[in-house]
Amino acid sequence: MSDNQRKILVTSALPYANGAIHLGHLLEYIQTDIWVRFQKQRGHNCTYVCADDAHGTPIMLKADQMGITPQALIDQTSEEHQRDFSKFLIGFDNFYSTHSDENRDFSAMIYTALRDKGHIDKKTITQAYDPEKEMFLPDRFVKGDCPKCDAKDQYGDNCEKCGATYSPVELKNAYSAVSGAKPVEKESEHYFFKLGDFENFLRDWVDNHVQEQMKNKLNEWFDAGLQNWDISRDAPYWGFEIPDAPGKYFYVWLDAPIGYMASFKNWCDKHQVDFDEYWNKDSQTELYHFIGKDIAYFHSLFWPAMLEGAGLRKPSGVFCHGFVTVEGQKMSKSRGTFIMAETYLNHLRPEYLRYYFAAKLGSGIDDIDLNLEDFRLRVNADLVNKVINIASRCAGFINKKFDGVLSSEIAEPELFQSAISKSELIAELYETREYSKAMREIMHIADQANQYIDTAEPWVLAKQEGSEKAVQDCCSMGINLFKIICAYLAPVLPDVAKDAQAFLNLDDFAWQEISKPLLSHKINKFKPLMQRVEEDKVNAIVEETKQNLAALEEATAKASVSELQQEPIAETIEFADFAKVDLRVAEIVNAEHVKKANKLLRLTLSLGDETRNVFAGIKSAYKPEDLIGKHTIMVANLATRTMKFGDSEGMVLAAGPGGEDLWILEPHQGAKAGMRVK
RNA sequence: GGCAAUGUAGCUCAGUUGGUUAGAGCAUCGCAUUCAUAAUGCGAGGGUCGCAGGUUCGAAUCCCGCCAUUGCCA
C-alpha cells in the first residue's frame, strides 16, 4: 500500500426499522456503495458502516399492533434489511443497530458532555396525551378537523387541504390515531439541546462541508434563528432512558446519528482497529455521510453541533442526494411504483438498477427519475449491446483459433493509450460523485472499441490465408479494451466484474493495474455475462407491487380504526331532506391548475345545456389532463361560493382521507351529462 | 403560507465565468454489415432551452414576475 493511502469512514443513513427497503432507500445505498468500492479499488482503507434505526414511537406502536415486542420487531426487520442489502451487493463492512450497548454508552457520553458544558435546557411543555393508551402523542398521531377549513382527518401539524399549520391542540374533533380516544392536554418537562450555542461554529462549518445547493437552504435556517431542539420523550417510549432523568427517554433522532459511531465501534472491536484514531477531535481520518435531502437538517446542523459540543471530530463532508421518482412522479403505491427491493429482486438482477442509478447520479441534490422504458433500453444498449458485446465478438476467435491465448503486442497503441489515459479523469468523477459523467466516459470507450473492431474486420481476415496474426492482434486489442472498461465499471457492477475476471483469468481489477495490457495471456471460455432486461419482467415488478399493496391495505384496514369509527354515520334524515340535494351527472370538459392554489383544480363541468365552473381540492390526487373527458357526480343546486380564485358553482363528490388518497365518483358507462342522480 | 432545488429534442440528460448554425445517448428513419446475446458501423430528421418581461452589441446562461414538479419548515 502506498504512503498516501487514505483512511476513510463512510456511512449511509440508517433505515428505519419498521418497514421494508424500497427503491428510494436503494438510491442512497447504491450511491454510497459505488463510492466505497471505488475507494477500495484505488487501494484506500475505506470502511462502510450502517445500522438499523431501531427506536421511536412508530416502532413501539407497530410492534404493539403486531402483538410482538419491539425487540422482536427490530430483530425481524434487521434480518430482512440485511437480506435485501446483500442481494443488492451493498458491501457494508458492518451493519448494526441503534439498539445496542455501544450506542447506549455513546449516547449517554455525548449527552453528559453536552449537559456538563451547559448546552442542555429543561422546559415544561404542553402536549396531546392519549388517556386510554396513557402516552403522549406525537403530532402525526393526532388527527381531527382542520381549525381553518374544517377538512376532515387532518394530521396534528398541518392541513393537507388548505395548507394551514397549527398545533395538535387546535384541531377540532381531535382523536388519537392510536386508540381513537379524545386526546387531553398534559404538561411534561422536556430536555432541549441548545443549538443556538453553536451558531458561529455551524456557520463556519457549513461553509465548506456541504454542497452549494444545500448552503442556501441552511442559510434560511440560520436567518430564521436556530431553535432549541427537543431531545426527550416521556415513557412509555422505545429507546434509551436518559441517564439522569428516570422516565425520560432520548428522542430517536438523538441516538440515530450516534449509531454511526456505535456501528463503527462494534466493527473496530472485531477487527482490532483504533476507534479513537477516527473520532478524536483532531482525527486525520476522513468521515463522510451519505444522506437524502430530507434529513439534511439533522446531519448538517444538529449532528456537527453535537460532535463539537462533545469534543469529537466533525464529518469531512455530508453528501446529499435527491429523491427517486418513477415515471416523473413521486413513488406511489396506487400506481404500482412504490417498488420494494424484494419485489425488484424477484424479477431482475440488482446490477441493472445499480448501473441505471449510476448513469443518472451527479453530485447535486436533484431528484433521480426512474423511467421504466428508459431503464430497460439504457441498460440493454449500454451494458449488453455495447460493453459485453466487445468480449462476445472477440472471444470466439481467440478461443477457437489461438487456444485462448492473446497476442504478444497491442495492435493499436494509440487507442489503448486513449482508453487508459481516461483513468484519472474517471477516478476524479467517481471521487466527486459525478457518476453519470463517469459512465458517459466509459461508454465512449466502449463505442470506440466497437468502431475499432468494425474497421479491423477480423471476420474478413479470418477467411484470408496468412492473416492469422492480424486476427489475433485485433481481437486481443478488443479484449484489452474490454478489460479496461470492466475495471472502470467494477464499482458499479461487482458481480459482472467478478465474472469478467474469471473470463480474463485475473485476480482483481486494482486501479493501478488498469494500464497494464494483457499480453500473451491465456483467457477462458466466454459465457454471456449479462442478459438483456426484458419488458415483461419490468411489467411484472409493477404488477407485483400493485398486488402487494392490495394485500397490505386489506390487512391494515382490519387492524386500524375503521372508517365508521372515525366518522360515525350522521343522524337519520327524511327523504324530503335528501330530495333537496340535486345531484347530477356532469362531464368534465376542462380541468386546469389554479394559479397560486396549492390544492385546487379548476373544473369546467358540462350538464348538457349549461356549464359550471367548480373548484375542487383534488390537485394532490389528480392531474388535470387525466380528468378531462370523464364523467362525475356534482351537487348542482349548491349556492355559489365566492373564493379567492373566482366563483365555485357547485361541488364534486369525493371520498378519502386526502392527499394522494382521494377518489372522485364516476358513474358507470352510459350515464349522460345532466342526468339526475336519485 | 415561507424557503430551497429543478424545468433544454419523443425519452433520459450535458451545456463550464453570457459569445459563431444549442450537444450526447436512447428511440425513429435510411444505408452498410454479419464476428457477436437480432448485436455493430455510417448517415438523416427532430428543440421559439417552462411562460412573459428586462439588462446587453449578444442570454439556455444574468435580473424581475408568473406557472409547474419535488423537498424542507426543527
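Lettering follows sequence order; numbering is per chain, from 1.
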Whole-Å distance separating the [atom1] atom of [X] from the [atom2] atom of [N]:
X: A:Met439; N: B:rA14; atom1: CE; atom2: C1'; value: 15 Å
X: A:Trp221; N: B:rC72; atom1: CH2; atom2: P; value: 10 Å
X: A:Glu592; N: B:rC51; atom1: CD; atom2: P; value: 18 Å
X: A:Met443; N: B:rA14; atom1: CE; atom2: P; value: 17 Å
X: A:Ile368; N: B:rC13; atom1: CD1; atom2: P; value: 7 Å
X: A:Leu372; N: B:rU12; atom1: CG; atom2: P; value: 11 Å
X: A:Tyr352; N: B:rC26; atom1: OH; atom2: P; value: 19 Å
X: A:Phe375; N: B:rA27; atom1: CZ; atom2: C1'; value: 17 Å

Please collect all ring pair (Phe, Tyr, Trp, His ring centres under 6.0 Å) contacts where either partner lies in residues 351-375 of chain A, sequence neighbours excluded, each pair once.
A:Tyr356-A:Phe375
Give me the distance, rounded to whole Å, that separates [N] from [M] when you measure between the [atom1] atoms they each carry.
N: B:rA32; M: B:rU70; atom1: C1'; result: 46 Å
N: B:rG50; M: B:rA60; atom1: C1'; result: 12 Å
N: B:rG15; M: B:rC67; atom1: P; result: 28 Å
N: B:rC49; M: B:rG7; atom1: C1'; result: 10 Å
N: B:rG41; M: B:rA27; atom1: P; result: 11 Å
N: B:rU16; M: B:rG10; atom1: C1'; result: 28 Å
N: B:rA9; M: B:rG23; atom1: P; result: 14 Å
N: B:rC72; M: B:rC63; atom1: P; result: 27 Å

Under 3.5 Å between N/O atoms: give me all the protein pairs with nucleotides 67-69 of chain B, atom names plus distance.
unit_1 : atom_1 : unit_2   : atom_2 : d
B:rC67 : OP1    : A:Lys596 : N      : 2.9
B:rA68 : OP1    : A:Lys619 : NZ     : 3.3

Applying a 3.5 angstrom cut-off to the pairing atoms, does RNA chain B sit in any stems of at least three consecutive Watson-Crick or G-U pairs? List them by first number.
B:1-7 with B:67-73, B:10-13 with B:23-26, B:28-32 with B:40-44
Taking any heavy-atom pair under 4.0 Å as a contact, classify [X]: base, sugar-phosphate, or nothing.
X: A:Leu529; answer: base
X: A:Gly225; answer: base
X: A:Ile388; answer: base
X: A:Asn389; answer: base
X: A:Met530; answer: base
X: A:Pro458; answer: nothing

With nearest nucleotides of RNA chain B determined for A:Asn385 and A:Cys394 from heavy-atom distances, which residue corresponds to the more 5′ nucleotide?
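The 5'-side residue here is A:Cys394.
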Quick one: on RNA chain B, does A:Phe302 or A:Asp369 contact a more 5' nucleotide (nearest heavy atom)?
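In this pair, the answer is A:Asp369.
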A:Leu377 has a side chain; which of B:rC26, B:rU33, B:rG71 sits nearest to it?
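It is B:rC26.
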By nearest atom, which of the nucleotides B:rU40, B:rC35, B:rG71 is closest to the A:Asp454 side chain?
B:rU40
Using side-chain hydrogen bond (donor to acceptor under 3.5 Å, both in side chains) as the criterion, list what pairs up with [X], not counting sequence neighbours.
X: A:Thr642; value: A:Asp647
X: A:Lys537; value: none
X: A:Arg393; value: A:Asn450, A:Asp454
X: A:Asp367; value: A:Lys293

A:Phe250: partners by ring pair (Phe, Tyr, Trp, His ring centres under 6.0 Å), with sequence neighbours left out:
A:Tyr111
Report the residues that fulfil ring pair (Phe, Tyr, Trp, His ring centres under 6.0 Å) with A:His209, sequence neighbours left out, ordered by chain and then residue number.
A:Trp205
Contact list for residues 495-504 of chain A, test salt bridge (Lys or Arg N to Asp or Glu O under 4.0 Å), sequence neighbours left out
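Checked against salt bridge (Lys or Arg N to Asp or Glu O under 4.0 Å) - neighbours excluded - the pairs reaching residues 495-504 of chain A are A:Asp495-A:Lys498.
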What salt bridge (Lys or Arg N to Asp or Glu O under 4.0 Å) pairs are there with at least one residue in residues 395-404 of chain A, not counting sequence neighbours?
none
Whether A:Lys360 contacts B:rC13 is assessed here as follows: a side-chain N or O lying under 4.0 Å from the phosphate OP1 or OP2. Is that the case?
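The answer is yes; a side-chain N or O of A:Lys360 sits under 4.0 Å from OP1 or OP2.
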Do any side-chain nitrogens or oxygens of A:Gln227 fall under 4.0 Å of OP1 or OP2 in B:rC73?
no
Does the side chain of A:Val387 come within less than 4.5 Å of A:Met443's, by heavy atoms?
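Yes, close enough: below the 4.5 Å cut-off.
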Taking C-beta and beyond as the side chain, do A:Phe240 and A:Tyr249 meet within less than 4.5 Å on heavy atoms?
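They are not in side-chain contact.
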Would you give the length of the straight line joining atom CG of A:Leu353 to atom CG of A:Leu348, rounded to the nearest 0.5 angstrom?
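Answer rounded to 0.5 Å: 9.0 Å.
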Assess whether a salt bridge exists between A:Asp207 and A:Arg203, defined as any Lys/Arg side-chain N lying under 4.0 Å from an Asp/Glu carboxylate O.
no
Salt bridge flag under 4.0 Å for residues A:Lys123 and A:Glu189
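The answer is no: the pair does not qualify as a salt bridge.
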Donor-acceptor pair under 3.5 Å, A:Asp366 side chain vs B:rA5 base:
no
Check nucleotides 23-25 of chain B against the protein and report each pair of N or O atoms closer than 3.5 Å, with its distance, or say if there are none.
none

